[in-house]
Amino acid sequence: MSNLLPKAQAFTLRGAPPFHLQLRVGLAVLSLLLLFACIPAALAHEFKVGDLEIEHPWSRATPPGAKVAGGYFTVVNKGSVPDRLLSISSDISEKAELHEMGVKDGVMIMRPVEGGLEIPAGGKVALKPGAYHLMFTGLKRQPKQGEKFPAMLTFEKAGSVKVEFAVEGMGETGSGDMGDMDHAE
Ligand SMILES: [Cu+2]
């Protein structure tokens, strides 16, 4: 009987993980949770000016030698009067234009938006591939995946706001660049 006790103790020690190991696993789980909690904040970035919110400006990496890149975001107007996006500028290109897609003689084309883009009171406008979009023309360098580049948006009433375009991969679905002009959507 006297030799049963040491055996039981040995079993107990082997059965339960040592405390420091439990602590380490606990910390690993905690840091993983914190990591996931941070991801939405990192992916979704937004900017405010006056009554306007500019959500998630993004662009795409371009192949070497490309002269244009698209720019996309959503503008939400929380105010009670309409506003108007008048102009865009960025150091990444000589010019930045506001484009819309349209059909001419049965062919999908894009053309500059005349007189700015209205953002209705209490409404929102999405600039996205295949619809309204920005076009950075005369690129001075290629936007690289994973970087952010600054740009200035100027609205008629809210004024100017500096935003950052997050550059996504070249294969990001849809595009507002020249390569998509023949997409009949
Ligand atoms: Cu365009």
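Remember, it's 1-based here, ligands and their atoms both numbered in the order they're listed. The figures here come from the full heavy-atom set of this structure, side chains too, leaving out hydrogens, waters and symmetry mates.
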Not counting sequence neighbours, which residues clear side-chain contact (heavy atoms from CB on, under 4.5 Å) with Pro64? List them please.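 Pro64 satisfies side-chain contact (heavy atoms from CB on, under 4.5 Å) with no residue once adjacent residues are dropped.
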Met101 backbone or side-chain N/O/S under 2.8 Å from the Cu ion (ligand 1):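 Checking the Cu ion (ligand 1) against Met101, no N, O or S atom falls under 2.8 Å.
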Vertex the Cu ion (ligand 1), arms to Met110 SD and Met135 SD, rounded to 10°: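 With the Cu ion (ligand 1) as the vertex, the angle is close to 110°.
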Between the Cu ion (ligand 1) and His99, which N, O or S atom of the residue is the nearest one?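 Among the N, O or S atoms of His99, the one closest to the Cu ion (ligand 1) is ND1.
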Between Thr154 and Ser160, a side-chain donor and acceptor under 3.5 Å: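 There is such a pair (donor and acceptor under 3.5 Å, judged by atom type) between the side chains of Thr154 and Ser160.
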Distance-only donor-acceptor pairs under 3.5 Å for side chains of residues 100-122, two or more places apart:
residue, atom, partner, partner atom, Å
Glu118, OE1, Arg84, NH2, 3.1

Are Phe73 and Phe47 close enough that their ring centers fall under 6.0 Å?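 No, the ring centres sit 6.0 Å or more apart.
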